[in-house]
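For reference, the structure discussed in these notes is given below.
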2 protein chains.
Amino acid sequence: MADRSTIYEVARRSGVSTATVSRVMADGTGFSAATRERVKATAAELSWVPSGSARGLAARRTGIVGLIFPDLGQSGDAEEESPLYVDQVIRGAERAATSAGDAVLIAATSTASGRDLAFSVAGKVDGLVILARSLPDDDIVALSRSVPVVLLATNLARSGPDFVGPDFVGADNRGGSRAMTAHLIAVHGHTDLAFLAGPAGSPDSEERFAGFCAALRDAGLPEPAAPAATGSFTEAGGEQAVRELIATGRRPGAIVCGNDEMALGALTALRAAELRVPADVAVTGFDDIAAARRARPALSTVRQPMRELGECSVRLLLSRIAAADTARKSVVLPTELVTRRSCSCASRAVSGPSGRSPG
Amino acid sequence: MADRSTIYEVARRSGVSTATVSRVMADGTGFSAATRERVKATAAELSWVPSGSARGLAARRTGIVGLIFPDLGQSGDAEEESPLYVDQVIRGAERAATSAGDAVLIAATSTASGRDLAFSVAGKVDGLVILARSLPDDDIVALSRSVPVVLLATNLARSGPDFVGPDFVGADNRGGSRAMTAHLIAVHGHTDLAFLAGPAGSPDSEERFAGFCAALRDAGLPEPAAPAATGSFTEAGGEQAVRELIATGRRPGAIVCGNDEMALGALTALRAAELRVPADVAVTGFDDIAAARRARPALSTVRQPMRELGECSVRLLLSRIAAADTARKSVVLPTELVTRRSCSCASRAVSGPSGRSPG
DNA sequence: GCATCCAACGTAAGCGGTTACGTAGGTAAC
DNA sequence: GTTACCTACGTAACCGCTTACGTTGGATGC
């Protein structure tokens, strides 16, 4: 509690200068073993902890990285255990940071306070990891002008000629979607597949659609020019999109959805239309949120390695902080196929890496 | 990236002094609207964010609170989604901090690095919330000498005459256990109940045992002098303890376990002994970890309000930071009874607050 | 018309470390 | 016995803010 003692006090009592105390505390060199012990003893005796603020100021390095994530499930998840999606990322980030001697500052952006919060955090850290859907692109661009930023699982839409965006870490959307689609074709014999896209302009959705198309091409099936339907990345969006699809008279054998929420909505719409899943139509998602496993039927999906994404993004951020003026990097982590009932699989999980590529 | 500009640069370009810039950025008073806009514009133009370190140094307040938690499930939870226990606390802490304008720094202590990590964090924050099982008591005492500390869901064993421990926030162990035991007696008619205690000296275990005894007393049943068995707070501990209990020839109608892990172990031991749960013997846990719901039979247990605990501990910490020299506080939050198959209940969840009391 | 008061600033002394640079004393080389 | 060099420190100039205190100029009171 008595946070009163300073490096001066410790130096005085140890009979050395503040420089020496500083060197000892930083595990540096330039002092004898005896001096080291004396200083450490004095510090312990005074229960002195060097001030992070003073250190940060003088050394121009706080030793803190910030993680900004969207505050999903503000309400309504009293019953539902909230998607541990974000939690895994947090844990991964913490682990990577700690093992590098840094700490992680977390902040959830509720749409209201997002901008101010983010800027407040930006001042306290050496760099920022920004998770998808935390902030509008403009704010991200603004932030990245005052502090190193790594984007996680999202990418800036704007890619002008000389615009160099922040570093990026994400999962292999294309490969995962391609693997899932190939699975539906090769294992379950589907030939009439429909893709349910997320909001227009979403890089995630576009990449997943590209993977879907690639798998069709691979199998020699006709490749659609555009997704069969489009909606927002929500249950309501998926339900709506499938309802409209059905209304057009289309009856695909399988529906590949842009994400799990949409797939969940798709299940609802299909049930309402008295179509059985997977007997009449197979449904797949993307992300493997907690609800996917609990859906009836359990949802086949593509899992993103959340913890690894968290770790990876912090590592990338730290390397960027250490070397500011190197080329922009982007890292793509492999996804994992999770096959459950909704695609007619009985097995628990067939896993397989989907690919890995530089950006 | 160009984190170059300082308050001096902003002041110069705005034609004011640094004091005015500072006042504007802190949303203070003592400047005209015109000045305010000019400064804000300049700041945005330079994409300047005030340095948290410099602010912290000058104002003696970082605006950061630290949360220290144990790094459970380092390995082996590839299949198991790790108990979201801690994650809920983190989210709660984040919410409370953010709404007070602060941020949360998180750090997981793996037994190896615990001490150093904690002290490193202590220097960067205004105060610390320390979750149960993160650190040995000695380290907690040491930390609390250099920074305000709130203990979460654990309490220091040592309570010497003039020893004033840190503030404390926890769930109503006694009330929760009492309610569960009363449920077993009143609803399911049990009269021969056994308590499976955690490690000796654990305040949690002791309080839960006390609640167990109180319920027996309430019902006019004989009250044991000591728990029927004792083990560590793990599955192995619970399994072992029940095996030994059975070996003595004892066949209680219900086993009230010190926590969920022990209860899970108990299920295993009972199965091995060919005793059916709940037909032959009822089993209950404490905590409501994720695995409790998925156990066969699903485990009846007592849920701690993790998110609320996180929120509450941060709020308490912030009030302590604001007013250092007030009496030690302790807050006890009510628990919730969660009845599932393992106590013969079919219903999903019967909830009820268990009590609330000052310390 | 003059004292009073207040809003709107400016001045400058820290806050508690880090670190470039300087120095003393001892050792090795020749 | 010098010179050169290295280890183990000390000196002091920052790092970029906050804030107590001082100042100014116009409005107000009488």
Side-chain angles (χ1 to χ4, degrees), chain A residues 2-40 42-43 46-64 101 119-120 122-126 146-147, chain B residues 2-40 42-43 46-64 101 119-120 122-126 146-147:
Chain A
D3 207 342
R4 292 287 146 246
S5 37
T6 70
I7 197 174
Y8 298 104
E9 179 75 4
V10 175
R12 199 177 55 71
R13 293 211 193 193
S14 308
V16 298
S17 73
T18 62
T20 296
V21 174
S22 178
R23 287 191 274 253
V24 168
M25 294 312 288
D27 288 320
T29 58
F31 47 82
S32 66
T35 300
R36 173 203 170 80
E37 294 316 315
R38 196 147 26 89
V39 170
K40 290 238 163 185
T42 310
L46 295 175
S47 49
W48 170 71
V49 179
S51 151
S53 295
R55 280 193 146 168
L57 221 207
R60 288 119 214 253
R61 184 140 198 296
T62 61
I64 304 176
F119 276 87
S120 153
K124 297 173 177 167
V125 302
D126 295 327
S146 41
V147 75
Chain B
D3 207 342
R4 292 288 146 246
S5 37
T6 70
I7 198 175
Y8 297 106
E9 179 74 4
V10 176
R12 199 178 55 72
R13 293 213 195 193
S14 309
V16 298
S17 71
T18 62
T20 297
V21 175
S22 177
R23 287 190 273 252
V24 168
M25 295 311 289
D27 287 321
T29 57
F31 47 83
S32 68
T35 300
R36 172 204 171 79
E37 294 316 315
R38 198 146 26 89
V39 170
K40 290 236 161 185
T42 311
L46 294 175
S47 49
W48 170 72
V49 179
S51 152
S53 295
R55 279 193 147 171
L57 223 207
R60 289 121 216 254
R61 182 137 201 297
T62 62
I64 305 178
F119 276 87
S120 153
K124 298 172 176 166
V125 302
D126 294 328
S146 41
V147 75

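Since the model is a prediction, treat every value here as computed from it, not as a measurement. Below, all heavy atoms of this structure are taken into account, side chains as well, without hydrogens, waters or symmetry copies. Each chain gets a letter, A, B and so on, in the order the sequences are listed, and its residues count up from 1.
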From the options C:dG17, D:dT18, C:dT18, select the nucleotide whose nearest atom is closest to the side chain of A:Ser22. C:dT18
Measure CD1/A:Ile7 against C1'/D:dC14 and give the value in whole Å, please. 15 Å
Return the value, rounded to whole Å, for the distance between atom CZ of B:Arg61 and atom P of D:dT19. 11 Å
Interatomic distance, A:Met25 CE vs C:dG17 P [rounded to whole Å]: 9 Å
Report all interatomic pairs (protein N or O, nucleotide N or O of nucleotides 4-11 of chain D) with separations under 3.5 Å.
unit_1	atom_1	unit_2	atom_2	d
D:dC9	OP1	A:Thr35	OG1	3.4
D:dC9	OP2	A:Ser32	N	2.6
D:dC9	OP2	A:Ser32	OG	2.9
D:dC9	OP2	A:Thr35	OG1	2.8
D:dG10	OP1	A:Ser17	N	3.4
D:dG10	OP2	A:Ser17	N	2.6
D:dG10	OP2	A:Ser17	OG	2.7
D:dG10	OP2	A:Thr20	OG1	2.9
D:dG10	N7	A:Arg23	NH2	3.1
D:dG10	O6	A:Arg23	NH1	3.3
D:dG10	O6	A:Arg23	NH2	3.4

Starting from C1' on C:dC9, measure out to CZ on B:Arg12 and report it in whole angstrom. 19 Å
Any donor-acceptor pair under 3.5 Å linking the side chain of B:Asp126 with the backbone of B:Arg61? no
In whole angstroms, how far is the P atom of C:dG17 from the CZ atom of B:Arg55? 21 Å
Can you confirm whether B:Ser51 sits close enough to B:Arg55 that some side-chain heavy atom of one is under 4.5 Å from a side-chain heavy atom of the other? no
Counting only pairs under 3.5 Å, give me each side-chain donor-acceptor contact of residues 12-27 of chain B, with atom names and distances, residues two or more places apart or in other chains.
unit_1	atom_1	unit_2	atom_2	d
B:Arg12	NH2	B:Glu9	OE2	3.4
B:Arg13	NE	B:Glu9	OE2	3.1
B:Arg13	NH2	B:Glu9	OE2	3.3
B:Ser14	OG	B:Val10	O	2.7
B:Ser14	OG	B:Thr42	OG1	2.9
B:Ser17	OG	B:Ala19	N	3.4
B:Ser17	OG	B:Thr20	N	3.4

Round to the nearest Å and state the distance from A:Leu57 atom CG to D:dC15 atom C1'. 4 Å
Below 3.5 Å between N/O atoms, which protein atoms pair up with nucleotides 25-28 of chain D? Just atom names and distances, please.
none

